[in-house]
A.B. asks: 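Could you have a look at this structure, given as structure tokens, before my questions?
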Amino acid sequence: MSAPMEISLQNPSTDETSDQNGVVVSQHPPPSLILPQEKFLVPVEVCLKPSSTARIDDVRSAVERMLEKRSLSYNDGPIPVPPDEIFLADNVQRICVCDTDEGMHNDNVLLFWQVKPVVHVYQLSEEGPSEEISSDGQTSTFNEWTLPAKEFDGMWESLMYESGLKQRLLRYAASALLFTEKCVDPFLVSWNRIILLHGPPGTGKTSLCKALAQKLSIRFNSRYPLCQLVEVNAHSLFSKWFSESGKLVAKLFQKIQEMVEEESNLVFVLIDEVESLAAARKAALSGSEPSDSIRVVNALLTQMDKLKSSPNVIILTTSNITAAIDIAFVDRADIKAYVGPPTLHARYEILRSCLQELMRTGILSSLQDCTDVTLPNYARAKEWLNAPDSHEAVLLCKKLLESAEACEGMSGRTLRKLPFLAHANLTNHFDCDPIKFLCTMIETAKRERSELPD
Ligand SMILES: Nc1ncnc2c1ncn2[C@@H]1O[C@H](COP(=O)(O)OP(=O)(O)OP(=O)(O)O)[C@@H](O)[C@H]1O
């Protein structure tokens, strides 16, 4: 079997090395140019093996020592554990560098001497969700997870948005937790710890909320060793047994209050389809819904208001309605972010990750002489547009861009399904050449688009 290879059209010169994106990196820092205070903080996330019983502090120190010995550039992505690091090899599942694009201004690369790594060590919870079922025995009113949870592993990285959205949410939450931590007087500076994500169906709003909670549970685990996510389905609170609904809300919030009372707990409350509250209130006011319904909405809003005074709660809400949602607490959301259908850039990245997964699993054949291909990101793909087609990777990249263009208007959910549909459309499942596959995918995309509602 041939060795793993990354695609690079660049040949590094003699005394320079090339990092995983093919960017040429000088091995020699000019220390006189960089002052220590200019170092950029780069999060490094370290996931422990499920079997590991190592102390978090010991692992953190071992990773910090290992990183000090490293002398390459920092890019988002995994860092292999060196085989001679026995303690780390025994305990660590993976080490991942994050958010380096924040610090890359014009240089397009962060060199090791420009960086101060901030190491976060965590272990995934394998408990799974615990579900609370309403007394009709059918609807689940809320799900609860201990974070970071195995189910949400990799979710943050899989979500592709216009640059800035994910970082904006992360920075907002970090500021909110810092203000709370420092006991900033809310009468003087007010902030609510409420986020509303709104936009069309299938654009990843619910996933983004869960992924954000997971990320924060990793980044803030030294301050909050226990993190929980409670997912409330707003619809299910309007039980068909109306008198039950009030009880459901009371039960739900009693549970959340108990979690919040422990000040080392960080609690995320995710309320999906928040517009159903507004709809219920409107219908109740117009007389078409029983008054019990409005009592439930009001009870919920009162409870949410109470929760806001707890410093260790972040409320995440989603809505498919993009027009203003007229309910009191959503008005108070600090961040109201519109999450729209993916742009060309995001579509390319979503399809790139799909293609890589199909190559990794052997469903599609890899490029000649490569067993493990990292396809170029969007910026590099655009640079390759004028390169000659003689290189198979260039051809693949151009086809991938063409596929992303053919998917205009599709939601992230549809895009993630498209490679599956394209595979099912192949006439010969055993001839899995990636370029032919992309041609079929373009056809499939055109057909899917023609079937989209106007
Ligand atoms: N921007 C994106 N990048 C990558 N994947 C995406 C994106 N948007 C959606 N997806 C995919 O679509 C799936 C569905 O997303 P999710 O259910 O979170 O969307 P939603 O906006 O909450 O939908 P709805 O409003 O219908 O509940 C996700 O699991 C994810 O795989």
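We count ligands from 1, going down the list as the structure has it; atoms in each ligand are counted the same way.
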A.B. asks: Kindly say whether Met259 contributes a backbone atom to a donor-acceptor pair with the side chain of Asn265 at under 3.5 angstrom?
C.D. replies: yes

A.B. asks: Should Thr318 be listed as contacting ligand 1, given a heavy-atom distance under 4.0 Å as the test?
C.D. replies: no

A.B. asks: When you measure from atom 25 (O) of ligand 1 to every protein heavy atom, which one gives the shortest distance, and what is it?
C.D. replies: Asn320 OD1, 2.5 Å

A.B. asks: Please determine whether side chain to side chain donor-acceptor pair (under 3.5 Å) holds for the pair Asp334 and Tyr172, giving the CA-CA distance in whole Å, both sets of side-chain angles, and the decisive distance to 0.1 Å.
C.D. replies: CA-CA 9 Å; Asp334 296 317; Tyr172 159 73; 2.7 Å; yes

A.B. asks: N/O of Gly204 under 3.5 Å from N/O of ligand 1, yes or no?
C.D. replies: yes

A.B. asks: Out of Glu157, Arg416, Lys210, who is nearest to atom 5 (N) of ligand 1 when you count heavy atoms only?
C.D. replies: Arg416

A.B. asks: Please state which protein non-hydrogen atom is closest to atom 17 (O) of ligand 1 and give its distance, to 0.1 Å?
C.D. replies: Arg413 NH2, 3.1 Å

A.B. asks: Under 3.5 Å, is there a donor on one side chain and an acceptor on the other for Thr206 and Asp272?
C.D. replies: yes

A.B. asks: Is Lys382 atom NZ crowded by more than 12 heavy atoms from other residues, nucleotides or ligands, each under 6.0 Å away?
C.D. replies: no

A.B. asks: Out of all atoms in ligand 1, which are within 4.0 Å of some heavy atom of Ser158? Include the element for each.
C.D. replies: 3 (N), 4 (C), 5 (N)

A.B. asks: If you compare all heavy atoms of Met410 against all heavy atoms of Glu448, which two are closest, and at what distance to 0.1 Å?
C.D. replies: CE-CB, 3.7 Å

A.B. asks: For atom 21 (O) of ligand 1, what's the nearest protein heavy atom and its distance?
C.D. replies: Lys205 NZ, 2.7 Å

A.B. asks: Please write down residue, atom name and distance for the protein heavy atom closest to atom 29 (O) of ligand 1.
C.D. replies: Ser207 OG, 3.5 Å

A.B. asks: Quick one: which of Cys209, Ala211, Gly202, Ser411 has a heavy atom closest to atom 23 (O) of ligand 1?
C.D. replies: Gly202

A.B. asks: What pair of heavy atoms forms the shortest contact from Leu316 to Cys209, and how long is it?
C.D. replies: CD1-O, 3.6 Å

A.B. asks: Give a yes or no on whether the backbone of Pro200 and the side-chain of Thr203 come within a donor-acceptor separation of less than 3.5 Å.
C.D. replies: yes

A.B. asks: Just to be sure I'm reading this right: ignoring hydrogens, which of Met160, Lys417, Met155 gets closest to atom 2 (C) of ligand 1? Compare them by their nearest heavy atoms.
C.D. replies: Met160

A.B. asks: With a 4.0 Å heavy-atom cut-off (strictly under), which part of Thr206 contacts ligand 1: side chain, backbone, both or neither?
C.D. replies: both

A.B. asks: Give the residue, atom name and distance (to 0.1 Å) of the protein heavy atom nearest atom 10 (N) of ligand 1.
C.D. replies: Gly412 C, 3.6 Å

A.B. asks: Could you tell me whether a side-chain N or O of Arg413 sits under 3.5 Å from a main-chain N or O of Pro201, the two making a donor and an acceptor?
C.D. replies: no

